Amino acid sequence: MKPHYLNFFRFTREPFGSELELDQILQTAEVVAVAERFDYTLRLGAVALVTG
């Protein structure tokens, strides 16, 4: 049986589940910029702090 909120909002699956595919993520300029900063940090082998 589905949880009540899925039926209420007519969701076909869990909206915040871990099975989300990369192509289903909205690509905004902000999301791309954050991804680029993460990649840059990894290439440097540095430590990053995420706040927000």
Side-chain angles (χ1 to χ4, degrees):
M1 184 172 152
K2 289 184 181 179
H4 293 330
Y5 67 91
L6 292 178
N7 289 329
F8 181 81
F9 291 107
R10 301 184 191 272
F11 291 150
T12 57
R13 61 189 171 112
E14 182 67 36
F16 302 106
S18 61
E19 69 276 355
L20 185 66
E21 298 294 329
L22 288 177
D23 63 344
Q24 295 173 321
I25 297 175
L26 178 63
Q27 294 292 315
T28 63
E30 294 82 8
V31 170
V32 172
V34 169
E36 290 173 351
R37 288 182 178 106
F38 278 129
D39 291 340
Y40 177 70
T41 302
L42 290 173
R43 284 195 310 270
L44 289 178
V47 175
L49 174 67
V50 179
T51 63

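Worth saying up front: this structure is predicted, and the values here are computed from it rather than measured. Values below: all heavy atoms of this structure, side chains included; hydrogens, waters and symmetry mates excluded.
- In this structure, Thr41 and Val47 approach most closely via the heavy-atom pair CG2-C, 4.2 Å.
- Leu6 and Phe8 end up in the same hydrophobic cluster when Ile, Leu, Val, Met, Phe, Trp and Tyr side chains are linked at under 4.5 Å.
- In this structure, Leu26 and Val31 approach most closely via the heavy-atom pair O-CG2, 3.9 Å.
- Minimum heavy-atom separation, Glu14 to Glu19: O-OE2, 4.0 Å.
- Few gaps surround OH on Tyr5; more than 12 heavy atoms of other groups in view lie less than 6.0 Å from it.
- Between the CG atom of Asn7 and the NE2 atom of His4 there is a distance of 8.5 Å, given to the nearest 0.5 Å.
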